[in-house]
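Contents: one structure, followed by commentary.
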Amino acid sequence: MKKITLRAGKERSLLKRHPWVFESSIARGGADAGETVRVESADGAFLCWAAFSPQSQIRLRAWSFDEAERIDAVFFKRRIEQAVAMRARLAIASDAWRLVHGEADGLPGLVVDRYGDTLVAQFGSTGVERWKAVIADALLAATGLTRLYERSDAQAREWEGLPVQTGWLRGEGETALTIREHDWRLTLDVAEGHKTGYYLDQRDSRRRFADAVKQYGCKSVLNCFSYTGGFSVAALAGGASEVVSVDSSGPALERAKAHVELNGFDASCHQAWDADVNATLRRCLAEGRRFDAIVLDPPKFAPTVAHAERAARAYKDINRLAFMLLSEGGLLYTFSCSGGISPDLFHKIVAGAGLDAGVDGYIIERLSAAADHPQTVCFPEGDYLKGLGLLKR
Ligand code: SAH
């Protein structure tokens with residue numbers, strides 16, 4: 001087993017069970033991509049077993065802090081069974097959920113979503129790439145399913161020096177699927193959709209939004225960054241009669257339109273605008289339009305803390321415009337899925353946006369990813385999705 005020795009003092013985060021070691025923390029040692037290595041402190045104390053990633057800034061990802069544990073097929077079987085068992089304890093209002101959420105499930109770089117009887121996996125680190133076949137078999141064994149599609153096309157692959165890989169890893173057949181979320185039916189294509197096909201992490205927030213639309217009697221709703229219209233269906237379910245989905249993806253909007261009818265709502269209650277959100281907000285403002293409820297669920301503006309400042313300006317801008325477009329007493333559901341923006345910073349950004357717009361808001365909800373996207377206390381980066389539900393004061 002190859003040994004990696006850290007520089008003095010650089011063992012601190014591993015001792016707190018944080019699973020990453022950056023390149024700059026390493027004093028000596030190297031290994032092949034994905035190879036399991038023994039990580040030691042400068043004075044030779046065992047720290048963890050980890051996967052080595054020769055090209056990534058995150059040079060090591062810890063598999064285990066237990067010196068007695070062996071990193072083998074049984075290890076992966078155990079971790080995957082634990083992830084499956086954790087989800088079985090949750091009350092998930094859907095037949096689609098995140099089965100493995102990377103670091104939080106002790107499998108750094110691995111994301112697995114389950115859509116009905118189909119699993120979709122993203123192998124985002126050299127460690128899980130190396131163990132791909134073992135992981136695939138363990139996933140099928142732990143779930144009793146036969147179909148596993150690979151969507152290893154996320155940007156993280158590039159940072160890891162790994163090529164894009166997509167296609168059936170186990171089983172075969174249709175990639176177009178229908179899932180149930182709450183009382184709604186939604187369609188996706190695991191081969192073509194964003195990420196693994198759908199944004200499962202917003203499941204709980206979509207339910208809460210539907211309830212809030214009903215509670216506060218919102219009729220007109222602007223769903224910004226709508227993707228395939230999950231929040232639009234929620235708005236219609238909450239009794240909205242005039243819903244606009246805005247996104248820059250034509251295929252996503254086609255699906256949003258189809259979802260309105262699939263769920264038994266009147267197509268005339270929904271419009272899909274293929275447009276840039278920022279420009280759309282400005283245009284609506286110039287036209288004097290108002291909406292009873294607005295959703296802002298933008299893509300990751302800040303992939304890392306280094307991008308936080310520019311991202312903060314972008315978040316502030318759309319939130320300021322949304323505040324101004326809200327009717328009196330209107331409802332704003334605003335999100336950030338940037339790991340580089342903490343919940344606290346996001347709150348400050350939204351406060352600044354309100355200040356600039358001359359609008360205050362009552363905070364009625366603090367939102368985060370659904371529990372099948374777990375956060376652990378040792379890995380604060382897991383807190384990527386945060387949102388606020390506000391009522392214009
Ligand atoms: N709210 C969605 C998920 C949104 S993901 C849901 O519940 O499923 C972010 C979306 O923003 C993507 O669909 C992407 O196509 C869209 N997008 C990214 N930049 C955009 C822009 N400048 N204007 C409009 N849409 C944009």
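As the structure lists them, so they are numbered: ligands from 1, and atoms in each ligand from 1.
Side chains of Trp49 and Glu67: no donor on one and acceptor on the other come within 3.5 Å.
Ring centroid separation for the pair Phe379 and His18 comes in under the 6.0 Å cut-off. No close placement of the Phe75 and Trp131 rings is indicated, their centers lying 6.0 Å or farther apart. In summary, the aromatic rings of Phe265 and His270 are positioned with their centroids too far apart to meet the 6.0 Å limit.
Checked options Tyr199, Phe231, Tyr315, Phe346; the residue passing with Phe335 is Phe231 (criterion: ring-ring contact (aromatic ring centres under 6.0 Å, His included)). Just one residue in the list Lys77, Arg79, Arg78 forms a side chain to side chain donor-acceptor pair (under 3.5 Å) with Glu81, and that residue is Lys77.
Not a single heavy atom of Thr228 sits closer than 4.0 Å to an atom of ligand 1. Note on ligand 1: Ala275 sits in its first shell, one or more heavy atoms being nearer than 4.0 Å.
Ligand 1 has an N or O atom lying under 3.5 Å from an N or O atom of Val277, backbone or side chain. Backbone and side-chain nitrogen or oxygen atoms of Tyr199 are examined, and none is located within less than 3.5 angstrom of a nitrogen or oxygen of ligand 1. Taking only nitrogen or oxygen atoms, main chain and side chain alike, Phe225 reaches within less than 3.5 Å of ligand 1.
If you check which protein heavy atom lies closest to atom 1 (N) of ligand 1, you get Asp297 OD2, 2.7 Å. Here the heavy atom of the protein found nearest to atom 20 (C) of ligand 1 is Ser248 OG, 3.5 Å.
The residue among Lys195, Arg206, Gln202, Glu181 with a heavy atom at the shortest distance from atom 6 (C) of ligand 1 is Arg206. Counting heavy atoms only, Pro299 comes closest to atom 18 (C) of ligand 1 of the residues Gly193, Cys337, Pro299.
Every atom of ligand 1 is numbered from 1 in the order shown, and the set under 4.0 Å from a heavy atom of Ser249 is 15 (O). Under a 4.0 Å criterion applied to the non-hydrogen atoms of Asp276, ligand 1 contributes the atoms 21 (C), 22 (N), 23 (N).
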